[in-house]
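In what follows, a single structure is set out as structure tokens and then discussed.
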Amino acid sequence: MAVFEGNFQHTESLRFALIIARFNDLVTLKLVEGCKDCLKRHGIDPDPEGQQVDYVWVPGSFEVANVARQLAMSGRYDAIICLGAVIKGQTPHFDYVSSEVSKGVAAASFQTGVPVIFGILTTDTMQQALERAGIKSNHGWEYAMNAIEMASLMRQLRPNLAG
């Protein structure tokens with residue numbers, strides 16, 4: 001038997017896509033900065049003009065899943081990081097959007113085998129979202145860590161699953 005575990009080494013050939021929802025950009029821009037910082041500190045060039053990270057902007061979190069599936073199906077990326085913020089209001093809109101984006105992101109990953117990281121904050125208040133996007137900690141960093149680890153793990157698993 002074998003043990004497989006993702007790591008944070010040999011990242012220079014990994015390719016990532018970040019899908020960012022424009023809605024609640026006060027929050028999502030901070031998540032992007034946390035992601036970029038993490039990627040850079042782990043040897044990945046986050047420059048959009050570079051070869052390792054592509055940035056895709058969508059109107060809101062609801063649109064993230066469709067784009068995630070399309071990008072995952074392209075075969076270009078080792079992992080995709082989805083960033084957004086759905087903040088509860090006084091209508092059931094929050095419930096519909098958060099439910100559908102979570103199902104869609106999971107489906108994109110299951111259907112394609114590409115790690116698709118769920119980086120959509122679902123919070124009760126703007127204050128909670130801002131705390132998770134940099135005031136207390138930046139979950140963007142954690143989402144990037146998850147993407148690196150999963151990309152590394154999948155690279156290890158593929159040759160072993162083929163045989």
Side-chain angles (χ1 to χ4, degrees), residues 11-89 91 93-151 154:
T11 59
E12 53 281 337
S13 66
L14 294 175
R15 292 203 45 146
F16 299 92
L18 270 68
I19 304 170
I20 308 114
R22 286 186 200 281
F23 197 78
N24 289 320
D25 65 351
L26 176 65
V27 176
T28 60
L29 289 173
K30 292 179 184 314
L31 293 173
V32 170
E33 291 307 312
C35 255
K36 287 169 64 174
D37 185 36
C38 177
L39 294 171
K40 185 175 183 176
R41 290 176 190 251
H42 286 88
I44 297 157
D45 179 10
D47 185 344
E49 301 299 321
Q51 300 298 312
Q52 287 190 274
V53 182
D54 289 335
Y55 297 82
V56 180
W57 292 87
V58 298
S61 292
F62 189 82
E63 292 79 19
V64 166
N66 181 30
V67 173
R69 184 173 182 275
Q70 296 301 315
L71 293 177
M73 287 178 19
S74 76
R76 277 185 69 148
Y77 303 101
D78 293 291
I80 297 167
I81 305 167
C82 301
L83 301 175
V86 184
I87 301 168
K88 193 167 193 146
T91 69
H93 187 256
F94 168 89
D95 298 316
Y96 300 126
V97 173
S98 59
S99 175
E100 292 306 313
V101 70
S102 63
K103 285 189 264 182
V105 166
S109 188
F110 292 146
Q111 292 168 3
T112 64
V114 175
V116 181
I117 306 304
F118 185 76
I120 309 294
L121 297 177
T122 54
T123 63
D124 291 327
T125 66
M126 177 62 84
Q127 179 66 29
Q128 290 173 342
L130 290 171
E131 287 172 359
R132 287 155 181 79
I135 290 176
K136 287 189 176 178
S137 65
N138 192 320
H139 286 305
W141 175 283
E142 295 169 27
Y143 303 142
M145 290 290 285
N146 292 345
I148 296 167
E149 185 173 354
M150 287 301 297
M154 295 307 285

Just do the side-chain contact (heavy atoms from CB on, under 4.5 Å) check on V53 and L18 with the steps written out, would you?
-> CA-CA 7 Å; V53 182; L18 270 68; 3.7 Å; yes
Name the one of I80, V101, V56 that satisfies side-chain contact (heavy atoms from CB on, under 4.5 Å) with V64?
-> V101
Heavy-atom pair of closest approach, residues V114 and A72 = CG2-O, 3.7 Å
Derivation of the side-chain contact (heavy atoms from CB on, under 4.5 Å) call for V116 and C82 = CA-CA 7 Å; V116 181; C82 301; 3.6 Å; yes
Correct closest heavy-atom pair for L31 and G119 would be CD1-O, 4.1 Å
Return the minimal non-hydrogen interatomic distance between L83 and C35, and the atom names on each side.
-> CD1-SG, 4.1 Å
Do you know the tightest heavy-atom contact between A129 and I87?
-> CB-CD1, 4.0 Å
Under 3.5 Å: donor-acceptor pair, side chain of Q111, backbone of A108 = no
Is there a donor-acceptor contact under 3.5 Å from the side chain of N24 to the main chain of A85?
-> yes
Is there a donor-acceptor pair under 3.5 Å between the side chain of R15 and the backbone N or O of Q51?
-> yes
CG/L121 to OG1/T28 distance, rounded to the nearest 0.5 angstrom?
-> 9.5 Å
With side chains defined as the heavy atoms from C-beta onward, is the minimum distance between S102 and F118 less than 4.5 Å?
-> yes
From CD1 (I81) to CD1 (I117), nearest 0.5 Å | 7.0 Å
State the CG-CG distance between D78 and L14, to the nearest 0.5 angstrom.
-> 5.0 Å
Say you draw a straight line from CZ of R22 to CG of L29; how long is it, rounded to the nearest 0.5 Å?
-> 9.5 Å
Step-by-step salt bridge (charged side-chain N to carboxylate O under 4.0 Å, His left out) determination, E100 to K103 = CA-CA 5 Å; E100 292 306 313; K103 285 189 264 182; 3.1 Å; yes
Under 3.5 Å donor-acceptor, R132 side chain and Q128 backbone = yes
Just by modelled atom types, is the K30 backbone N or O under 3.5 Å from a matching donor or acceptor in the N138 side chain?
-> yes
Under the 3.5 angstrom rule, does the side chain of Y55 hit a backbone N or O of P46 as a donor-acceptor pair?
-> yes
Check A147 against A79 and note the closest heavy-atom contact, atom names and distance.
-> O-CB, 3.7 Å
Taking atom CZ of F62 and atom NE2 of H93, what is their separation to the nearest 0.5 Å?
-> 8.5 Å
Does the S98 side chain pair with the main chain of T122, one donor and one acceptor, at a distance under 3.5 Å?
-> no
Check: A106 main-chain N/O paired with S109 side-chain donor or acceptor under 3.5 Å | no
Check the pair L71, Y77 against side-chain contact (heavy atoms from CB on, under 4.5 Å), reporting the backbone distance first and the verdict last.
-> CA-CA 7 Å; L71 293 177; Y77 303 101; 4.0 Å; yes
Kindly compute the distance separating CD1 (I135) from CG (L130), expressed to the nearest 0.5 Å.
-> 4.5 Å
Taking Q52 for its side chain and E12 for its backbone only, find out whether a donor-acceptor pair lies under 3.5 Å.
-> yes
Begin with the C-alpha distance, continue with both residues' side-chain angles, and end with the deciding distance and a verdict on side-chain contact (heavy atoms from CB on, under 4.5 Å) for I148 and F16.
-> CA-CA 9 Å; I148 296 167; F16 299 92; 4.0 Å; yes
